Protein chains: 2
Amino acid sequence: MAIVDEVVEGDRATLLAPVTGSSGSLHDEILAGLRRYLIEGNLPDGARIPERLLCETMGVSRTPLREALKVLASEGLVELLPNRGARVRAFTENDIRELFEVMGGLEALAGRLACERITDAEIAGVEQMHYDMYASYMRRDLPAYFALNQKIHLAILAAAGNSVLTTTYTNFSSRLQRVRYNANRENHKDRWGEAMREHEQILDALQRRSGLELSDILFRHLQNKRVAALRYLDDHPSEVGDQGQPA
Amino acid sequence: MAIVDEVVEGDRATLLAPVTGSSGSLHDEILAGLRRYLIEGNLPDGARIPERLLCETMGVSRTPLREALKVLASEGLVELLPNRGARVRAFTENDIRELFEVMGGLEALAGRLACERITDAEIAGVEQMHYDMYASYMRRDLPAYFALNQKIHLAILAAAGNSVLTTTYTNFSSRLQRVRYNANRENHKDRWGEAMREHEQILDALQRRSGLELSDILFRHLQNKRVAALRYLDDHPSEVGDQGQPA
DNA sequence: ACCGACCAAAATGCATGCAAAATAGCCTCA
DNA sequence: TGAGGCTATTTTGCATGCATTTTGGTCGGT
């Protein structure tokens, strides 16, 4: 029942480490630690987060912890019920749709800006990653494929040269990460060939620096990911948690 | 020197009201009040925000106030220097460019989604606002023009049917509001005819429900606004505050 | 046995207190 | 006169304490 006992997947689960106190303010360390802990999906949707327990686990007092919770609430990772404490935010299907749509809009923007600013060397880098990713695809090496996939998207994001965009994108990406961890693995296989073809188009538009095209492809790419993710959630309704009221 | 004395424009300035205590948590009221106060541009860029003073002004203790400041920092409205308190965040020209770019991306997304979901009745509403706005343009009634302009953009945003998008857009819009308050007024006159023509295209694409076109027009519309705003800031460098270190 | 009221235990919201860091003022000295 | 260092004051960061609200459990009534 305690937070540290909720660890489910042994492998990726990282304990909610006590704050080191080595550097920076307590508030920042708590914020970063809690955020990482939540993003990694160590707590099921809707789980209560009692202050007292967290205080003991992290070895700090309630004041900085409460500050961190307010920030996490404003980031959309937890929700605060008045006089009733913090809960892990549970995303509905509609929330997930909205998040994917916004992520798609941000990727589209990144693609558009990247086409205006990317250097030939950076394009060459993306090409290299793309071919490596294709090789992973042919090898059916899903983990390598995922890693390169993410690197490509991040490279486009970086080439856009907009730190506000990067921050915002990362923020939304975090919210989806808990869903993605579960949805990506199995599900993507159905869509793998399709996704690979979309990435061919992404590279092509980027090479021609066609911002409008790249923008549109990236947006549709994300929408397809959304459909895949939601289909997975429908088939495996338990995995994201949401152990709401048991019948 | 005190915050309540920094009120500059008499007209739009709203005093930082003491918290009523009528409803909701102190934290939320403080957060909303401070945010509004900052958005309205009542404090110059870079101004220090001493906790003690704010506490006395709003009649609360430091704990909920500090919570609100952390949230405002995560929203990008203030910046917190370790052990040195909170300052009103000063936006560089690069920050403003990035904000306009992201806003443009979000508007483009809103346009795209709106084209998929908007009803005929909603389109009719936008048409009406558009013609009213055109009338304001012909009358050279700038305030009415601005009000309708904003209503149109908000109507498209609402028609997109994505609350995450709405929240995010509103957040960025807040950050720019301080800049916009100053930049819009005079500067827009140069661009007025051009902006009006862009709005003709916006309405046209919306009527044809051409998501790609609307998306592109809205993005360029925002980029043109950015150029105009930055040009204004170059000509009137003092108005946004930034009374950093006096030479 | 089920439902609601009542009471104890715990949790939240906020205020206050204390130590550490930063700032400002002052004095000394070149 | 101006620069540098020392001290007093202020300010921040965090911990703790208290009042209020919620929660869990028990008891009495139907």
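Per chain, numbering begins at 1; letters A, B, ... match sequence-line order. All values derive from a computational prediction rather than experimental measurement.
B:Arg97 pairs in a side chain to side chain contact (heavy atoms under 4.5 Å, CB included) with only one of the listed residues (B:Asn94, B:Asp95, B:Leu99), which is B:Asn94.
In this structure, the NE2 atom of B:His27 is 13 Å from the C1' atom of C:dC14, given to the nearest Å. Atom-to-atom, CD of A:Glu67 to C1' of D:dG13 comes out at 8 Å; the value is rounded to the nearest Å. When rounded to the nearest whole Å, the span between CG of A:Leu65 and C1' of C:dC14 equals 16 Å. If you take CZ of B:Arg87 and C1' of D:dT11, they are 13 Å apart, rounded to a whole angstrom. The nearest whole Å value for the distance from the CD atom in B:Glu51 to the C1' atom in C:dA15 is 14 Å. For the pair A:Lys70 NZ and C:dT12 C1', the interatomic distance rounds to 9 Å; values are reported in whole Å. When rounded to the nearest whole Å, the span between CG of A:Leu69 and P of C:dT12 equals 9 Å. Between B:Asn83 atom CG and D:dT11 atom C1' the separation is 9 Å, expressed in whole Å.
Using a distance-only test at 3.5 Å, with no hydrogens or angles considered, no donor-acceptor pair links the side chain of A:Arg89 to the main chain of A:Ala73.
Side-chain contact between A:Lys225 and A:Met103 is absent, with no heavy atoms from C-beta onward closer than 4.5 Å.
When each of A:Pro82 and B:Arg52 is assigned the nucleotide of DNA chain D with its nearest heavy atom, B:Arg52 is the one assigned upstream, toward the 5' end.
The existence of a salt bridge linking B:Glu40 and B:Arg36 is confirmed by a sub-4.0 Å separation between a basic side-chain nitrogen and an acidic carboxylate oxygen.
A:Glu98 and B:Ser163 share a donor-acceptor pair across their side chains, judged by distance under 3.5 Å alone.
A:Arg84 comes within 4.0 angstrom of the backbone, heavy atoms only, and of no base.
Relative to the side chain of B:Thr63, the nucleotides D:dG13, C:dT16, C:dT12 differ in distance, and C:dT16 lies closest. Side chain of A:Arg48, nearest nucleotide from C:dC14, D:dT11, D:dT23: D:dT23. Proximity note for B:Ser61 (side chain, C-beta onward) versus C:dT23, C:dG13, C:dT16: the nearest is C:dT16.
In the interface, the side chain of A:Arg62 is paired with the base of C:dG13 through a donor and an acceptor atom under 3.5 Å apart.
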